[in-house]
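Since the structure comes first, as C-alpha cells, the remarks are kept for the end.
Lettering of chains follows the sequences in order, A, B, ..., and the numbering in each one begins at 1. Values in this document were obtained by computation on a predicted structure and should not be read as measured data.
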Amino acid sequence: MLDITLCRRDPDRIRRSAIRRGSDPSFVDEILRLDERHRLALTDLETKKAEKNRLSAEIAKASDRAAAAASLRPQIAALDGEIASLDALAKSLAPDTPDSPLRELLVQSPNVVDESTPDGADASANVVVRTWGTPRTFPFVARPHWEIGEKLGILDFERAAKLSGSRFAVLRGLGARLSRALAQFFLDRAAARGYVEIAPPYLVTQQTMWRTGQLTKFSDAMFADLEAGLYLIPTAEVPLTALHGDEIFDATALPIRYAAYSPCFRKEAGAAGKDTRGLIRQHQFEKVELVRIERPEDSFAALEAMTADAAALLEELGLPYRVLSLCAGDLSFNSAKTYDLEVWLPSSNEYREISSCSNCTDFQARRAQIRWRREPKAKLELVHTLNGSGLAVGRTLLAVLENYQQEDGSVVVPEALRPYVGADRIAAAE
RNA sequence: GGAGAGAUGGCAGAGCGGUUGAAUGCGGCGGUCUUGAAAACCGCUGAACCCUCACGGGUUCCGUGGGUUCGAAUCCCACUCUCUCCUCCA
C-alpha cells in the first residue's frame, strides 16, 4: 500500500516510480484530488461533531438534565442530520474505507521503486551484478534432471500424475532423503547466520494474505478453501512477514531474522505450457524462506546481507550461479529492489532462478501495521520488511542432480550435504 | 460438533448511562536525594487522523460490526477470537 503522506509530500517520486515500472502515472493526480476532497469533508464533519459534543456536555453539566435535553433537542437533531450526510461523504472518500476510490488507488499501486533499481521494461533489462563459479564441462551430453532422477529411481513423475495430475512429483529413497537433507542444511546454515527458525501455519486467513500483498499478486494463483476462509501459502513469506502484524517493537528488538521451511502451493495458472517437465515448476514445492524485519535506514544493507546469505548456500554446494538486479519493469508488486539468484543448469545451458531476495521497504509493513519506536517516547514508524529464498529445495535438488551427474548416470553428493544424506553418491538401485 | 466463561491501556486489574481516554498497581521515562546505585518521594507515561508556520485546537478508538440514547467501556443484537469442560482426533 502506498503512503498517502508521501503522495502528498512528494508526488513526483511516485510518478517517477510508476513510469519506471512502465505504468501510467496519472493516478497520482487522482489520488491528490480525492485526498483533498476527503480532508475537506473530514474537517466539516469534525466541526459539526465538536458542536454536538459541546451541547451534550452542557446537558451533562445542567442541574436539570431532562429540561436541558428537551430544550437542546431541536439543535442537536439539526446537527445530527448534517453529521449523517457529512459522515457518509467523508467515509466514501476515506483512504481507509474498504472500497473507496482513494483506497483502491493506494492499495493497487505497487511499491515505490528504489533509485538503485536499474531501468528497464522487462527481464531482458535485468542487470547481472556478479557471477560465481565456472560451469563444469561434461565429456558427455548432460542429461536433464528428470532423466537422471527417473533412471536412478529417485524421481517419479508418472506416479505423481496418477495421484495428483500434472506438476507434481514423487521423491523416492535417496531423492526424498536428498530433499530433506537440503532443507536441513539450509535451516542449519540460516540458524548459524542468526535467523530464528519458525514453523508457521501453512493455511492462513484472507487477511493475512492481504497484509503481505499476496492477494493482488497471486490471487488467481493460490489454492484456497473459500468456505473455510483459508488459503494455502504460496510462500512462507506470508506467515513470516504477517507474524508481527499490529505489533510495535522497541528499538532493541530490531533487526529480526526468521527462517522457515515450508511447502508452497501455487496454481501456476499463468504458466500453462511452461516448464512442464521436471521439478522446475510444481503446484507444491518446498522452500526455506528468510525474512528480515529492519530499521528503515538498515534495510538496503540488509538486502545485500540476505542475498549473500542465500548465495553462500550455493557456494557451499559448489553450484555456479549469478546474481541479477531486477530492473524496474520486472520488479514484483511488493518490492522496491530485488536480487535474483540464478543457478546454472547444464542440461539447458542456462541460469534459472533459485532465489529471489527483495526489500519491500515499508510497503508490507503499512498493510500489516508492523511498527517500531526509535526512542521510548518517539513517534511510531513503520519497519522495513525483506524476504528471500534460502533456498528453494526442489530447484536446488534438480541443480545438484544436473551439476553433479556422472557419465554412468549416478550423482555425486556435494561434500556439504554428505553428513545430511549419509551417502557420497546416488547410484541406481539394483 | 455440544455446553459454559471471558475479551478494557506495555502488563495486571477497576469501571452507578453523564466533563471516563478510562481508577489503582506494576513496568517505563524524567527529576529530587546519593560518590554511585538501591530505596523513598515528585512529575510524566496509548494510538490514528484533521486543522495550524507554530502555540494550540478538534474528531475517533475500551475484541469487531450494528442498534437504543441528547449522551454508551457501561444497555440491546450479531459476529470473531480466547479459555474451561465434553465429543472427536494425530
Side-chain angles (χ1 to χ4, degrees), chain A residues 1-9 31-100 102-103 105-107 199-211 225-231 239 242-254 256 263 362 365-383:
Chain A
M1 184 164 68
L2 283 183
D3 179 8
I4 180 78
T5 314
L6 177 65
C7 293
R8 258 179 236 151
R9 209 184 53 231
I31 287 176
L32 293 177
R33 204 175 60 78
L34 289 166
D35 178 49
E36 181 74 31
R37 280 177 58 198
H38 169 245
R39 277 150 63 212
L40 283 174
L42 201 57
T43 306
D44 287 351
L45 170 67
E46 289 180 353
T47 308
K48 297 294 176 196
K49 279 190 171 175
E51 275 178 49
K52 179 178 171 178
N53 286 345
R54 257 195 303 280
L55 296 182
S56 269
E58 266 182 50
I59 295 173
K61 271 183 283 191
S63 48
D64 184 347
R65 285 175 179 163
S71 79
L72 288 173
R73 193 160 291 139
Q75 279 185 67
I76 288 174
L79 282 170
D80 276 338
E82 296 181 74
I83 287 170
S85 60
L86 281 168
D87 184 64
L89 176 64
K91 264 215 185 81
S92 72
L93 291 166
D96 49 3
T97 297
D99 289 313
S100 81
L102 181 52
R103 170 98 178 165
L105 288 172
L106 292 172
V107 157
Y202 305 147
L203 288 165
V204 300
T205 59
Q206 180 171 351
Q207 189 201 35
T208 300
M209 278 298 173
W210 187 86
R211 292 189 137 191
D225 181 340
L226 296 177
E227 205 181 332
L230 291 173
Y231 292 68
L243 196 59
H244 292 293
D246 289 324
E247 291 183 23
I248 296 165
F249 296 109
D250 59 46
T252 59
L254 300 178
I256 289 171
D362 63 6
R366 184 169 299 104
R367 285 182 167 228
Q369 288 296 293
I370 311 170
R371 295 172 294 178
W372 71 295
R373 230 187 279 274
R374 202 172 278 276
E375 304 281 339
K377 284 188 152 182
K379 228 176 131 52
L380 290 172
E381 296 176 58
L382 292 165
V383 300

Hey, could you give me the [atom1]/[atom2] distance between [X] and [Y], rounded to the nearest 0.5 Å?
X: A/Ile31; Y: A/Leu106; atom1: CD1; atom2: CG; value: 4.5 Å
X: A/Asp3; Y: A/Leu382; atom1: CG; atom2: CG; value: 7.5 Å
X: A/Arg37; Y: A/Leu89; atom1: CZ; atom2: CG; value: 7.0 Å

Expressed in angstrom and rounded to an integer, what is the separation of [X] atom [atom1] from [N] atom [atom2]?
X: A/Trp372; N: B/rA47; atom1: CH2; atom2: C1'; result: 18 Å
X: A/Asp64; N: B/rC70; atom1: CG; atom2: P; result: 16 Å
X: A/Ile248; N: B/rU45; atom1: CD1; atom2: C1'; result: 14 Å
X: A/Asp250; N: B/rG10; atom1: CG; atom2: P; result: 13 Å
X: A/Arg367; N: B/rA48; atom1: CZ; atom2: P; result: 20 Å

Could you measure between the two [atom1] atoms, the one in [N] and the one in [M], and give it in whole Å?
N: B/rA23; M: B/rC83; atom1: C1'; answer: 27 Å
N: B/rC33; M: B/rG25; atom1: C1'; answer: 25 Å
N: B/rG21; M: B/rC61; atom1: P; answer: 11 Å
N: B/rU8; M: B/rA22; atom1: C1'; answer: 8 Å
N: B/rU87; M: B/rG4; atom1: C1'; answer: 15 Å
N: B/rC75; M: B/rG18; atom1: P; answer: 12 Å
N: B/rC26; M: B/rU45; atom1: C1'; answer: 13 Å
N: B/rG30; M: B/rG67; atom1: C1'; answer: 46 Å

Do the side chains of A/Arg211 and A/Asp246 get close enough for a salt bridge, i.e. N-O under 4.0 angstrom?
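Salt bridge present between A/Arg211 and A/Asp246.
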Looking at [options], which one has an atom nearest to any side-chain atom of [X]?
X: A/Asn53; options: B/rC70, B/rU60, B/rA47; value: B/rU60
X: A/Arg65; options: B/rG18, B/rC51, B/rA48; value: B/rG18
X: A/Thr43; options: B/rC70, B/rG46, B/rC50; value: B/rC50
X: A/Lys61; options: B/rU19, B/rG58, B/rC50; value: B/rU19

Verify, without hydrogens or angle tests, whether A/Thr43 (side chain) and A/Arg39 (backbone) share a donor-acceptor contact under 3.5 angstrom.
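Indeed, once roles are kept as given, a pair shorter than 3.5 Å links the two residues.
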With a 3.5 Å distance limit and no angle check, can you tell me whether A/Arg65 reaches the backbone of A/Ala60 through a side-chain donor-acceptor pair?
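Yes: the side chain of A/Arg65 pairs with the backbone of A/Ala60.
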Residue whose closest nucleotide on RNA chain B lies nearer the 5' end, A/Ala60 versus A/Ile76
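Nearest nucleotide further toward 5': that of A/Ala60.
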If you find the nucleotide of RNA chain B closest to A/Leu380 and the one closest to A/Leu45, which residue's nucleotide is nearer the 5' end?
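That would be A/Leu380.
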For [N], give the paired nucleotide (Watson-Crick: N1-N3 plus N6-O4 or O6-N4; G-U: N1-O2 and O6-N3; both under 3.5 Å), or none.
N: B/rA38; value: none
N: B/rG65; value: B/rC77
N: B/rC33; value: none
N: B/rU82; value: B/rA5
N: B/rU24; value: B/rA12

Base, sugar-phosphate alone, or nothing: which one does A/Arg37 contact when heavy atoms must sit under 4.0 Å apart?
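Here A/Arg37 touches no strand at all.
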Pick base, sugar-phosphate or nothing for A/Lys49, based on heavy-atom distances below 4.0 Å to the nucleic acid.
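If one applies the 4.0 Å heavy-atom cut-off, A/Lys49 turns out to touch the sugar-phosphate alone, with no base involved.
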